[in-house]
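Structure first, commentary second.
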Amino acid sequence: MRTQVAIVGGGPSGLLLSQLLYTDGIDSVILEKKSREYVESRIRAGILEQGTVDLLARAGVDDRVRREGLKHDGFLLGVDGTVIRIDIQKLTGGKAVTVYGQTEVTKDLNTVISGREGAIVYEADNVTLHDIAGPSPAVSYEKDGQTYTISCDFVAGCDGYHGVSRASIPADVARAFEFLYPFGWLGILADVPPCNHELIYAHHRNGFALASMRSHQRSRYYIQVPASERAEDWPDDRLWNELEVRLSGLAGPITRGPALEKSIAPLRSFVFETMSYGRLFLAGDAAHIVPPTGAKGLNLAASDVRILADAFREHYRKGNDEALTRYPQRALDRIWKAVRFSWWLTRLTHRFPSMSPFDIRMQVAELNYIRDSAFAQTTIAENYVGLP
Ligand SMILES: Cc1cc2nc3c(=O)[nH]c(=O)nc-3n(C[C@H](O)[C@H](O)[C@H](O)COP(=O)(O)OP(=O)(O)OC[C@H]3O[C@@H](n4cnc5c(N)ncnc54)[C@H](O)[C@@H]3O)c2cc1C
């Protein structure tokens, strides 16, 4: 088998890249370890920057997000019962974000991609990259007891944090940076109306809480919990009680409902700067992870994919490899800025176990400064809607 670009991983990065390449007449095959049902039901991101929605439009899959996505032109920062509203529309000259689940983005992309014969292989086991440093790379995989090999011009590593692509880059050229946070986010998804029509990022003495949503009828809530905690330690009632405490005075009543999903996500900031090696290019979570505070992960994946798809187009249309050579440099500039914003917003709103009373006073002083300064609010709004 042969293709132009072999894509490892069929999450948002891999699917979007495949569809953008297709619209440019470039052939690709996606190899995905899990089943389609599994990928489509993985509950994760939910806030799309305008640039991400525009990219979905370029890929021809924006009908549903435009119809069903909820436009948000502001969000709330809660400080122990009082509210600061960040009016992103006013502060950024009319920009907004869109609430639309990652599950829906992957369904929309899968619907078009699965119509293309052989464009995606689900449940591909033991995916292995070969000869990525040379001019003729290949990717092999196992399916139903058979081994297949696809030769290609390039490999796009879109296989997330635990994938095989990043691990295929020799350790002696790898440049990685990591910061681990001493807590995680316990999330609950429930079919109940949200407690507020805008998101609330709440600073509270018990720890951070987020009131978010996927639609007018589906709520997504998170609370900060110690890294050692397990979701089983949090029966639904205990979690709803704690949300009521941390969001008290910030929103309307919290409607309770059975958990459709409940899990704990560890928080880390991670950047793997070696985003290309020979004919392998990394995109999305394969190359970087940010804490979900600020909703940057999926949006960063989309911006990597846009830069990479443009670079492949330059190669195939004009025989020009300059954009491919400059891909890591261009992507990393935006990545580091998003890493900084999500790290800063996490530090501002979370209770770290090592914090002294002085540190906490500094946090509250910074939040009060934001409350009183249009300049500070503009900085937050500009980052939240997505930098150019
Ligand atoms: C709890 C949580 C909340 C989040 N909230 C937000 C948010 O509000 N906003 C935001 O922008 N981002 C958010 N994110 C981050 C966002 O979900 C990720 O950044 C996004 O999924 C990245 O997409 P990806 O395709 O690069 O990686 P992934 O979604 O990880 O996809 C990688 C794919 O590769 C496959 N794969 C892995 N290994 C192999 C292999 N060896 N062979 C073949 N296939 C393989 C996997 O099965 C997977 O389908 C959140 C993340 C979490 C965990």
Side-chain angles (χ1 to χ4, degrees), residues 10-24 30 36 39-76 86-116 119-120 158 189 191 193-194 196-199 210-220 260 283-284 292 294-310 313 334 338 381-388:
S13 304
L15 293 169
L16 188 53
L17 179 62
S18 162
Q19 186 58 17
L20 288 170
L21 293 179
Y22 176 72
T23 59
D24 282 334
I30 303 173
R36 177 172 172 177
V39 173
E40 289 186 358
S41 60
R42 211 162 28 200
I43 309 292
R44 284 184 169 183
I47 309 292
L48 306 183
E49 295 172 358
Q50 187 55 48
T52 304
V53 176
D54 292 345
L55 199 60
L56 292 173
R58 181 173 141 189
V61 288
D62 61 326
D63 275 6
R64 212 155 65 89
V65 65
R66 293 206 190 276
R67 243 186 5 254
E68 297 175 21
L70 308 177
K71 274 248 156 35
H72 278 205
D73 52 22
F75 69 90
L76 307 183
I86 306 295
D87 187 337
I88 46 182
Q89 193 183 39
K90 194 174 101 194
L91 295 163
T92 62
K95 292 185 182 161
V97 294
T98 302
V99 172
Y100 191 69
Q102 179 168 330
T103 47
E104 308 315 300
V105 173
T106 43
K107 276 179 206 158
D108 294 346
L109 283 162
N110 266 328
T111 303
V112 289
I113 292 171
S114 59
R116 286 193 267 129
I120 182 160
C158 299
L189 184 77
D191 272 340
N196 191 54
H197 70 287
E198 291 180 334
L199 269 69
L210 171 61
S212 183
M213 68 198 73
R214 293 293 177 265
S215 69
H216 292 307
Q217 292 307 323
R218 181 166 283 189
S219 299
R220 182 71 164 154
L260 299 174
K296 290 289 160 238
L298 176 59
N299 293 301
L300 267 187
S303 64
D304 288 357
V305 163
R306 184 181 56 75
I307 300 168
L308 187 56
D310 287 348
R313 187 172 51 186
R334 198 171 188 281
E382 180 188 43
N383 280 277
Y384 195 75
V385 293
L387 296 172

- Does the side chain of T98 reach to within under 4.5 Å of the side chain of K71, using non-hydrogen atoms? yes
- Note on the structure: R218 meets the salt bridge (charged side-chain N to carboxylate O under 4.0 Å, His left out) criterion, sequence neighbours left out, with D191
- Any side-chain heavy atom of K95 sitting closer than 4.5 Å to one from I88? no
- Message: Between I47 and V99, is there a side-chain heavy-atom distance shorter than 4.5 Å?
- Response: yes
- Between T106 and R42, a side-chain donor and acceptor under 3.5 Å: no
- Can you name the salt bridge (charged side-chain N to carboxylate O under 4.0 Å, His left out) partners of K107, sequence neighbours left out? E104
- With sequence neighbours left out, what residues match F75 under ring pair (Phe, Tyr, Trp, His ring centres under 6.0 Å)? Y201, Y384
- Sort out for me which residue in D108, L20, L48 forms a side-chain contact (heavy atoms from CB on, under 4.5 Å) with L56. L48
- Task: Output all residues satisfying salt bridge (charged side-chain N to carboxylate O under 4.0 Å, His left out) with R66, sequence neighbours left out; order by chain, then residue number.
- Result: D62
- Item | Test side chain to side chain donor-acceptor pair (under 3.5 Å) applied to D63 - qualifying residues, sequence neighbours left out | none
- Task: Take E49 and K296 through the salt bridge (Lys or Arg N to Asp or Glu O under 4.0 Å) test and state the conclusion after the steps.
- Result: CA-CA 9 Å; E49 295 172 358; K296 290 289 160 238; 2.7 Å; yes
- Contacts of R313 meeting salt bridge (charged side-chain N to carboxylate O under 4.0 Å, His left out) (sequence neighbours excluded), chain-then-number -> D24, D310
- Would you check if the side chain of D304 reaches a backbone N or O of G284 as a donor-acceptor pair within less than 3.5 Å? yes
- Task: Decide yes or no for I43 and R220: does some side-chain heavy atom of the first lie under 4.5 Å from some side-chain heavy atom of the second?
- Result: yes
